[in-house]
Amino acid sequence: MELPNVKYRELDLSSVPQSRKDTIHGLIVQTLFGFDDKPYFVASLDQFKRLFEGYDADASPYFPQIKRAIARGIRFYIQRLIAANAVAATYAFSGNNVTLSARTKGTWANNKVGFTLTVAPTFKLTLTYADDPTMNEVHGAATFADLATAINRDSSLIICTLSGGYTVPAAVSAVTHLTGGANGSWADTAAKDTDINALYSKFNDIVDMDTVSQLGTFSKTGVENLAAYVAMRGDVMGVFEVDPASSIAAAKTFLTDGSTGLGTLKNNLLAGYYGSKLTAWSPEAQDDLEGPVLLDVLSVWSQSDTLMGNRLYPPAGPQRGLIDGVKTFSTSLLSPARTAEVNELVNASVNIVGSHPNFGPVVWGAKTMNRMNSALDDIHTRRMLLDLRKNLTPIYQRGLFQINEPSSWRAMYVQVKPILDELVRAKVIAPAYHYVGDQDVSRISDVVYNNVTDLGNGIYKVKIVLVPFGYIETIEFTVIANSLTGLITIE
């Protein structure tokens, strides 16, 4: 089946030098367990289990999909989402002003984190965790105050609070458990969107992240908040999913209505996907479970980049967009009978996930939310420009505090040219690119593009003009190196 508004460009890359880069996704997700102070890097199932383990249908509904994605080799920065009114499980020693609390909020520790306490002449607290004995701990010290300090410094399970006038509690020989933890809840979608939006800033210091997404709501505000964050950063792409429970008509309205949906949203750093709920096998539940498509989309991005050896081409289609492990979709969006309906969605700049009659489960489409009928409508073109920005910035940073004169400009050009030539050889950009930075002049007074006064003030500019392969339009950006401020700006 052909979808006329979806463009693909399949090339034989076997003879092209490849610069391979693994993709890392930032993800905000509700979990049962784990710290919520910052995003934590997860590259394996063992890491995920240690940091966020615990399956609960209410507190962590996406665990089967997350684990399946990690098993495929996806790497994440996972930021835990938990309601503000969540409560940590505790145990309070009666009359001693001593309280043991779960290190993080939620139900995960209820009747699962247990302890025994040995007191004078030496003090020892033994902790057990029912769900994972490898997390059991033993802490010891010469005094009870030192024991509390050691617990708070070293324990992954609990903290110990000593209130004013505390006394040393009696020994506890039988295993005693923490109780009273609660996952909390949100009054409405708006409250949840607010909490999710507050977590984006926790990703600000992560520079090796390629995308950021949230698994929490499918609301208009939620997508707009994600769009605002990636626009502010300028160096990552946001990936979102239209509610898989929505009908095709409802999905179209959400994407096109300017009042109740995303009709006025234009952002070439944002990519949206729509697919009906998919069914896949869950080892945790030992059953087929339904779930959203977003994590499978992120899996396709990672597999396309890593297994196919290049991130400069669409993470979609029969070569790079196939989804393994999926049994069925609740609605067959890519059936021939739905071509007209699906094309309306594609025209609304969303990508389709479904079961293709010839190829099976697949991501079908690689559009951004640019909505301008240009090269920046393509995910791979936008990612190429992000990669180019990341690769060029260190070159100009190294030259930032060199003498601002032609030999320094030529040195930077010599480092940039192979990067652009590589894109030409890979047929990502057309050969006729332009690098304008006065790199060929002999004297400062001969500059054409730069301004002598600016150069005297430590400001050097370069203009790079390129044409994405297969397009006639040009993409132009300017590099401004300012040695007075120490900043590199790429516009």
Side-chain angles (χ1 to χ4, degrees), residues 3 5-8 23 25-29 62 65-66 68-69 72 74 210-220 222-224 226-227 230 236-248 250-256 261-262 265 267-278 280 290-305 314-317 320-326 329-334 338 341-356 359-371 377-380 382-383:
L3 293 178
N5 292 313
V6 181
K7 297 176 290 185
Y8 289 101
T23 301
H25 303 285
L27 184 66
I28 296 173
V29 62
Y62 303 105
Q65 290 92 343
I66 293 173
R68 188 154 49 88
R72 291 169 172 162
I74 285 192
D210 299 278
T211 75
V212 62
S213 306
Q214 58 89 8
L215 284 169
T217 73
F218 302 104
S219 71
K220 172 180 184 285
V223 177
E224 289 174 339
L226 174 61
V230 296
V236 297
M237 289 199 68
V239 183
F240 74 94
E241 176 181 5
V242 178
D243 189 349
S246 299
S247 66
I248 294 177
K252 178 186 173 184
T253 299
F254 178 73
L255 290 162
T256 58
L262 307 178
L265 179 62
N267 188 321
N268 59 47
L269 287 170
L270 195 66
Y273 291 83
Y274 172 63
S276 63
K277 289 184 178 181
L278 55 82
E290 280 193 337
V293 301
L294 180 61
L295 285 162
D296 290 278
V297 168
L298 298 179
S299 295
V300 164
W301 281 46
S302 291
Q303 290 182 116
S304 174
D305 296 348
R320 285 176 288 272
L322 297 180
I323 305 172
D324 61 344
V326 173
F329 292 85
S330 59
T331 301
S332 183
L333 293 176
L334 294 177
R338 295 189 182 277
E341 292 176 286
V342 169
N343 278 338
E344 291 183 350
L345 294 174
V346 172
N347 287 332
S349 296
V350 76
N351 304 298
I352 305 302
V353 183
S355 186
H356 193 283
F359 308 113
V362 65
V363 174
W364 199 261
K367 296 170 69 74
T368 71
M369 293 289 288
N370 188 51
R371 305 189 186 202
D377 283 2
D378 295 338
I379 288 172
H380 47 290
R382 195 63 187 91
R383 296 180 79 198

What are the two closest heavy atoms between Leu226 and Phe240, and how far apart are they? CD2-CB, 4.0 Å
For Asn351, all residues meeting side chain to side chain donor-acceptor pair (under 3.5 Å), sequence neighbours excluded: none
Any side-chain heavy-atom pair of Leu278 and Pro361 under 4.5 Å: no
Atom pair CG/CZ of Asn347 and Arg371 - distance to nearest 0.5 Å: 11.0 Å
Taking the side chain as every heavy atom from C-beta outward, state whether Leu265 and Leu270 have any atom pair closer than 4.5 Å. yes
Do Val353 and Leu333 come close enough that some side-chain heavy atom pair is under 4.5 Å? no
To the nearest 0.5 Å, what is the distance between CG on Asn268 and CD1 on Ile379? 11.5 Å
Can you see which heavy atom on Met369 is nearest to which on Ser349, and at what distance? SD-O, 3.3 Å
Would Leu298 and Thr23 count as a side-chain contact (heavy atoms from CB on, under 4.5 Å) if you check the C-alpha gap in whole Å, the side-chain angles of each, and the deciding distance to 0.1 Å? CA-CA 9 Å; Leu298 298 179; Thr23 301; over 6 Å; no
Sole candidate of Asp305, Thr211, Asp210 that passes side chain to side chain donor-acceptor pair (under 3.5 Å) when paired with Arg383: Asp305
Give, for atom NZ of Lys277 and atom OG1 of Thr331, the distance between the pair rounded to the nearest 0.5 Å. 11.0 Å
To the nearest 0.5 Å, what is the distance between OG on Ser299 and CG on Leu322? 13.0 Å
Exam field: side chain Asp378 to backbone His380, donor-acceptor pair closer than 3.5 Å: no
Kindly determine whether Thr256 and Glu344 satisfy side-chain contact (heavy atoms from CB on, under 4.5 Å), including the steps that lead there. CA-CA 10 Å; Thr256 58; Glu344 291 183 350; over 6 Å; no
How long is the gap from CG on Asn267 to CZ on Arg382, to the nearest 0.5 Å? 8.5 Å
Walk me through whether Ser302 and His25 qualify under side chain to side chain donor-acceptor pair (under 3.5 Å). CA-CA 9 Å; Ser302 291; His25 303 285; 2.9 Å; yes
Please answer whether the main-chain N or O of Val239 pairs with a side-chain N or O of Ser213 as donor and acceptor at a distance below 3.5 Å. yes
Once you round to the nearest 0.5 Å, how far does OG of Ser247 lie from NZ of Lys252? 11.5 Å
Mind checking whether Trp301 and Tyr273 have parallel, tilted or perpendicular rings, split at 30° and 60°? perpendicular
Looking only at heavy atoms, what is the nearest atom pair of Ser304 and Pro314, with distance? OG-O, 4.1 Å
Only one of Val350, Val293, Val223 forms a side-chain contact (heavy atoms from CB on, under 4.5 Å) with Glu241, so which one is it? Val293
Flag side-chain contact, heavy atom, 4.5 Å: Tyr274 against Leu345: yes
Are side-chain heavy atoms of Phe359 and Trp364 found at a separation under 4.5 Å? yes
Ser355 and Ser332 have their tightest heavy-atom pair at O-OG, 4.0 Å
Decide side-chain contact (heavy atoms from CB on, under 4.5 Å) for Leu262 and Lys220; before the verdict, give the C-alpha distance in whole Å, the side-chain angles of both, and the deciding distance to 0.1 Å. CA-CA 6 Å; Leu262 307 178; Lys220 172 180 184 285; 4.2 Å; yes
